[in-house]
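Before any comments, here is the structure.
Values below: all heavy atoms of this structure, side chains included; hydrogens, waters and symmetry mates excluded. Counting starts at 1 for both ligands and their atoms, following the listed order.
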Amino acid sequence: MPTLVMKFGGTSVANLDRIRRAAKRVGVEVAKGYDVIVIVSAMSGKTNELVGWVNETSPFFDAREFDAVVSSGENVTAGLMALTLQEMDVPARSWQGWQVPVETTDAHAAARIEEIGTENINKKFAEGMRVAVVAGFQGIGPDGRVTTLGRGGSDTTAVAFAAAFGAERCDIYTDVDGVYTTDPRISPKARKLEKIAFEEMLELASLGAKVLQTRSVELAMRYRVRLRVLSSFEEQNDNAGTLVCAEEEIMESNVVSGVAYSRDEAKMTLLSVADRPGIASIIFGCLSDAGVNVDMIVQNISEEGRTDMTFSLPTDQVKRAEKALTDIKGKDLNYAELVTDMDVAKVSVVGIGMRSQSGVAAKMFKVLSDEGINIRVITTSEIKISVLIDRKYMELAVQALHDAFELEKAA
Ligand code: ASP
Ligand code: MG
């Protein structure tokens with residue numbers, strides 16, 4: 001029988017009533033003839049509560065015990081979902097990660113899936129079980145301890161199962177009805193996309209669109225898993241939601257598919273560093289050792305052998321970056337001053353159409369200039385252009401770009 005993976009996020013299993021609604025959807029697919037693997041998140045808010053309890057108990061916690069605690073939310077929903085299905089006379093049972101097994105690396109709280117054993121679940125399917133309910137977000141490390149995959153990790157569990165079991169599709173049920181051209185809370189003209197290419201979704205996810213964990217999109221792209229993002233609160237039909245798929249499956253698309261933003265950015269500038277080989281390596285090596293995720297980088301034209309180096313980073317890593325760069329000042333690195341700007345935001349336009357069409361960057365800059373918005377840093381890739389601007393203009397920039405590229409209209 002063909003296999004389908006259905007993943008239900010926290011809001012879709014927030015209480016017993018919603019678990020029943022989700023189970024009904026599973027029942028519909030079983031009736032169509034699918035063997036279904038259901039991946040569940042913890043009830044919404046549960047993981048936050050568990051993380052809070054760990055922090056309160058032990059500020060410098062043992063990561064293995066952190067995982068033992070925070071993985072438990074998913075165990076509850078997996079068992080409840082299996083019970084609900086059984087009440088509906090659908091043969092189902094629950095599986096915790098280690099029982100499958102979902103083998104992961106030993107990076108507790110940020111583990112990566114290495115292998116999923118398909119034998120145990122397939123044996124049960126062969127015996128007549130129709131639904132395997134698997135606790136998302138968790139696995140077992142090489143030392144036999146429970147691991148978790150990082151926040152939002154059940155998306156990754158779902159895609160990994162779809163790849164391992166050769167599922168026809170991986171449906172991600174969430175509280176939004178698909179992927180939008182931008183955040184509808186910022187631009188009311190935002191339009192739901194029928195399809196989006198893996199590459200675009202990957203950019204959007206890593207640029208701040210929160211629908212899918214970035215890692216899950218990477219996996220889907222690598223294993224060509226067709227992903228559908230849809231709402232568990234709306235009526236289901238075959239075209240519901242947004243399909244994340246290979247470029248070849250998309251006949252028509254706009255040059256720009258979406259506008260993404262990230263509010264919590266900061267910009268730091270090292271004034272007057274020597275312009276010589278090895279300087280960038282010292283600065284960014286030191287930041288990387290300190291666990292700082294640098295994003296955009298600009299180096300100014302140098303004057304008399306000195307230059308300024310500017311980079312962006314998440315606001316919550318500024319303290320760490322400041323400490324690291326202050327520690328090496330006067331030792332490995334000389335500079336006049338370190339200037340931090342906490343009030344910036346990143347706005348990006350994304351689209352595979354940019355590969356073949358020129359002028360997108362010019363148009364973007366013109367739109368921002370017409371709105372009187374100053375661009376502080378620019379970065380580009382083949383399919384995206386990002387700018388760092390003052391945070392107070394973020395909404396305006398998103399709306400203006402959405403309008404200018406006419407994203408409210410389908411191609
Ligand atoms: N429950 C976990 C979290 O809240 C994993 C997930 O829902 O994807 O991050
Ligand atoms: Mg999620």
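Ligand 1 has no atom lying under 4.0 Å from any heavy atom of G136. Ligand 1 has G153 within reach: a non-hydrogen atom of the residue lies less than 4.0 Å from it.
A donor-acceptor contact shorter than 3.5 Å is absent between the side chain of D35 and the backbone of T3. Of the possible donor and acceptor atoms, none in the side chain of S187 sits under 3.5 Å from a partner among the backbone N and O of P184.
Among R151, E74, K7, the residue whose heavy atom sits closest to atom 3 (C) of ligand 1 is R151.
Between G150 and ligand 1, no N or O atom pair is found at a separation short of 3.5 Å.
Listed by first then second residue, pairs satisfying side chain to side chain donor-acceptor pair (under 3.5 Å) with a partner in residues 325-334 read K323-D327, not counting sequence neighbours. Judged as a side chain to side chain donor-acceptor pair (under 3.5 Å), the pairs with a partner in residues 93-104 (not counting sequence neighbours) are, in order, Q96-W98, T104-T147.
Residue T182 is tested with V398, V349, L401 for a side chain to side chain contact (heavy atoms under 4.5 Å, CB included); the sole match is V398.
Taking a cut-off of under 4.0 Å to the non-hydrogen atoms of S41, the atoms of ligand 1 that pass are 6 (C), 7 (O), 8 (O).
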